[in-house]
*Asks:* 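Below: one structure in structure tokens.
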Amino acid sequence: MSQKISKEIPGSSASGYIALVCALFLPIIVLILRQPLILIGGIFAELAILFGLFMLQPNQAVVFTLFGNYVGTDRSNGLRWANPFYRKSKVSLRAQNLISEKLKVNDKSGNPIEIAAAIVWRIHDTAQAMFDVQDCRGFAQVQAEAAIRHVASNYAYDESENPSADGKPEITLRGGMDEVAASLVKELQLRLDRAGIVVEDAKLTHLAYAPEIASVMLRKQQAQAVLSARQIIVIGAVNMVEMALDQLSKRKIVELDDERKAAMVSNLLVVLCSDGDAQPVINTGTLYT
């Protein structure tokens with residue numbers, strides 16, 4: 001059987017300053033009249049006024065209940081007065097931070113990673129926050145951890161060596177922070193909506209490989225960086241060799257047969273692709289002797 005979802009009802013209250021003035025002048029009137037019945041009625045009226053007074057700060061609301069029944073929610077600021085028999089439970093409507101602990105989960109590729117997030121949330125429906133969950137903040141804490149685990153399992157930590165099916169770059173936890181944050185906000189809102197909570201922002205505060213594979217993944221990243229750098233160097237070297245041969249041919253500086261071109265290409269590639277400085281070698285003969 002599905003649980004009934006509560007809905008916030010606007011509650012009403014009177015100005016507390018008027019009630020405070022009445023509370024100050026009522027004893028004076030009772031003392032002037034000095035009638036027993038008026039005295040008894042004045043005492044009860046004074047207690048009703050005093051017990052009905054309450055104060056609300058900006059971005060704060062009060063939930064009224066009468067003998068276990070929800071009456072309404074008042075969001076008026078300042079000194080207010082309401083039925084003294086109402087139970088008045090104050091609820092903060094201000095933005096709150098929730099910082100999760102470092103969670104160890106498996107990403108889309110099955111690699112163990114550590115992840116944590118900072119979430120900004122606030123209460124927008126006081127009835128749901130008060131009556132549909134036992135503890136609003138505790139509920140948000142547990143659901144936030146579940147949402148972070150679910151989102152982390154849908155993305156790989158880093159780009160895969162295999163291209164995606166549609167040819168588009170793969171969204172990863174490390175490279176697609178904005179997309180991951182938007183997905184996390186959506187997942188959190190689905191989970192926290194029943195508690196009357198609206199999620200305003202969510203960002204990852206910690207992201208790393210788990211210690212048991214961190215050193216291996218670091219070597220992998222270093223190898224990929226070296227490989228990418230080598231590819232750029234080789235492409236540039238080939239373009240420079242092609243330009244050199246083209247310029248020699250256009251200016252007719254020297255005529256090179258295929259064997260001499262091959263030797264020149266080999267020497268230029270060694271010079272351009274080498275990690276160290278080239279060492280000159282004196283050749284006292286020719287290419288053919």
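Keep in mind the model is a prediction, meaning the values are calculated, not measured.
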*Asks:* Indicate yes or no for a side-chain donor-acceptor contact from Arg149 to the backbone of Ala144 under 3.5 Å, with no hydrogens or angles considered.
*Replies:*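 Checking the backbone N and O of Ala144 against the side chain of Arg149, no donor-acceptor pair under 3.5 Å is found.
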
*Asks:* When hydrophobic residues are tied together by side-chain contacts of less than 4.5 Å, even through go-betweens, does Leu56 share a cluster with Trp81?
*Replies:* no

*Asks:* Can you find a heavy atom in the side chain of Val71 that is under 4.5 Å from one in the side chain of Thr65?
*Replies:*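 No; the side chains remain at least 4.5 Å from each other.
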
*Asks:* My understanding is that only residues two or more places apart in sequence, or in another chain, count here; which of them pass side chain to side chain donor-acceptor pair (under 3.5 Å) with Gln128?
*Replies:* none

*Asks:* Would you sort out whether Arg194 and Asp132 count as a side chain to side chain contact (heavy atoms under 4.5 Å, CB included), showing the intermediate values?
*Replies:* CA-CA 7 Å; Arg194 65 179 300 176; Asp132 288 358; 5.8 Å; no

*Asks:* Taking the hydrophobic residues Ile, Leu, Val, Met, Phe, Trp and Tyr, and joining any pair whose side-chain heavy atoms are under 4.5 Å apart, which ones share a cluster with Ile235?
*Replies:*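 Answer for Ile235: none, a lone residue.
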
*Asks:* How about Phe139: does its CZ atom have over 12 heavy atoms from other parts shown lying under 6.0 Å from it?
*Replies:*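 Enclosed: over 12 neighbouring heavy atoms sit under 6.0 Å from CZ of Phe139.
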
*Asks:* State, with a plain yes or no, whether a side-chain heavy atom of Leu207 is found less than 4.5 Å away from one of Tyr157.
*Replies:* yes

*Asks:* At what distance, to the nearest 0.5 angstrom, does CG of Leu98 lie from CD of Glu145?
*Replies:* 8.5 Å

*Asks:* Report, as yes or no, whether the 6.0 Å neighbourhood of atom NZ on Lys102 holds more than 12 heavy atoms from other residues, nucleotides or ligands.
*Replies:* no

*Asks:* Would you say Ile9 and Val62 are hydrophobically clustered, going by side-chain heavy atoms of ILVMFWY under 4.5 Å?
*Replies:*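 No.
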
*Asks:* I need the minimum non-hydrogen distance between Thr73 and Ala61, along with the two atoms involved.
*Replies:* CG2-CB, 3.9 Å

*Asks:* Would you find more than 12 non-hydrogen atoms of other residues, nucleotides or ligands less than 6.0 Å from Ile18 atom CD1?
*Replies:*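 No, because the 6.0 Å sphere around CD1 of Ile18 holds 12 heavy atoms or fewer from other groups.
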
*Asks:* I would like to know whether Ile113 and Lys104 meet side chain to side chain contact (heavy atoms under 4.5 Å, CB included); could you show each step before the answer?
*Replies:* CA-CA 6 Å; Ile113 63 173; Lys104 186 176 179 180; over 6 Å; no

*Asks:* Are side-chain heavy atoms of Lys203 and Asp201 found at a separation under 4.5 Å?
*Replies:*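 Yes, their side chains come closer than 4.5 Å.
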
*Asks:* Can you find a heavy atom in the side chain of Arg75 that is under 4.5 Å from one in the side chain of Thr126?
*Replies:*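 They are in contact (side-chain heavy atoms under 4.5 Å apart), so the answer is yes.
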
*Asks:* In this structure, are over 12 heavy atoms from other groups packed under 6.0 Å from Glu101 atom CD?
*Replies:* no

*Asks:* Judged by modelled atom types alone, do Gln60 and Arg94 share a side-chain donor-acceptor pair under 3.5 Å?
*Replies:*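 Absent: no donor and acceptor within the cut-off.
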
*Asks:* Which heavy-atom pair separates Ala19 from Leu53 by the least distance, and what is that distance?
*Replies:*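 Of all heavy-atom pairs spanning Ala19 and Leu53, the closest is CB-CD2, 3.9 Å.
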
*Asks:* Membership question, hydrophobic clusters at under 4.5 Å side-chain separation (ILVMFWY): are Phe85 and Leu47 in the same one?
*Replies:* no

*Asks:* Distance check, rounded to the nearest 0.5 Å: His206 atom NE2 versus Ile99 atom CD1?
*Replies:*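 Answer rounded to 0.5 Å: 13.5 Å.
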
*Asks:* Which pair of heavy atoms, one from Cys22 and one from Ile49, lies closest together, and at what distance?
*Replies:*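 Distance-wise, the nearest heavy atoms are CB-CD1, 4.0 Å.
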
*Asks:* Ser109 and Asn111: side-chain donor and acceptor closer than 3.5 Å?
*Replies:* no

*Asks:* Find out whether Val105 and Ile115 are in side-chain contact, i.e. whether some heavy atom of one side chain is under 4.5 Å from a heavy atom of the other.
*Replies:*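 SC-SC contact between Val105 and Ile115 confirmed.
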
*Asks:* Begin from the C-alpha positions of Arg191 and Glu187 and carry the test salt bridge (Lys or Arg N to Asp or Glu O under 4.0 Å) through to its verdict.
*Replies:* CA-CA 7 Å; Arg191 293 173 178 268; Glu187 180 72 20; 2.9 Å; yes

*Asks:* Ile197, Leu190: one ILVMFWY side-chain cluster at the under-4.5 Å cut-off?
*Replies:* no

*Asks:* Quick one, Ser15 with Leu79, criterion side chain to side chain contact (heavy atoms under 4.5 Å, CB included). Give me CA distance, side-chain angles, the key distance, then yes/no.
*Replies:* CA-CA 7 Å; Ser15 173; Leu79 185 63; over 6 Å; no

*Asks:* Could you check if a side-chain atom of Gln57 sits within less than 4.5 angstrom of a side-chain atom of Asn77, using non-hydrogen atoms only?
*Replies:* no

*Asks:* Quick check for you: to the nearest 0.5 Å, what is the distance between Asn106 atom CG and Ser153 atom OG?
*Replies:*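 Here the interatomic distance stands at 9.0 Å.
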
*Asks:* Contact between Glu200 and Arg122 at the side-chain level, heavy atoms closer than 4.5 Å - yes or no?
*Replies:*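 Yes - at least one pair of side-chain heavy atoms lies under 4.5 Å apart.
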
*Asks:* From Tyr155 OH over to Glu179 CD, what is the distance, rounded to the nearest 0.5 angstrom?
*Replies:* 7.5 Å

*Asks:* When you measure from the side chain of Lys108 to the backbone of Thr172, do you find a donor-acceptor pair of N or O atoms at a distance under 3.5 Å?
*Replies:* no

*Asks:* Quick one: CD on Gln96 to CZ on Arg137, what's the gap to the nearest 0.5 Å?
*Replies:* 5.5 Å

*Asks:* Show your reasoning for whether side chain to side chain contact (heavy atoms under 4.5 Å, CB included) applies to Val63 and Phe131.
*Replies:* CA-CA 10 Å; Val63 177; Phe131 307 121; 3.8 Å; yes

*Asks:* Which pair of non-hydrogen atoms, one from Cys136 and one from Ile123, has the smallest distance, and what is that distance?
*Replies:*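 Reported closest heavy-atom pair: SG-CD1, 3.9 Å.
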
*Asks:* Within the distance-only criterion (no hydrogens, no angle test), does the side chain of Arg80 pair as donor or acceptor with the backbone N or O of Gly16 below 3.5 angstrom?
*Replies:* no

*Asks:* Ala140 and Leu192: which non-hydrogen atoms are nearest, and at how many Å?
*Replies:* CA-CD2, 3.7 Å

*Asks:* State, to 0.1 Å, how close Thr205 and Ala117 come at their nearest heavy-atom pair, and which atoms those are.
*Replies:*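 Closest approach of Thr205 to Ala117: OG1-N, 3.6 Å.
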
*Asks:* Is there a path of hydrophobic side-chain contacts, each under 4.5 Å between heavy atoms, that joins Tyr70 and Met130?
*Replies:*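 Yes, Tyr70 and Met130 fall within the same hydrophobic cluster.
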
*Asks:* Are Asn97 and Trp121 close enough that some pair of their side-chain heavy atoms sits under 4.5 Å apart?
*Replies:*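 Counting from C-beta outward, Asn97 and Trp121 never come under 4.5 Å.
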
*Asks:* Just to verify, what does Tyr86 make a ring pair (Phe, Tyr, Trp, His ring centres under 6.0 Å) with, not counting sequence neighbours?
*Replies:* Phe64

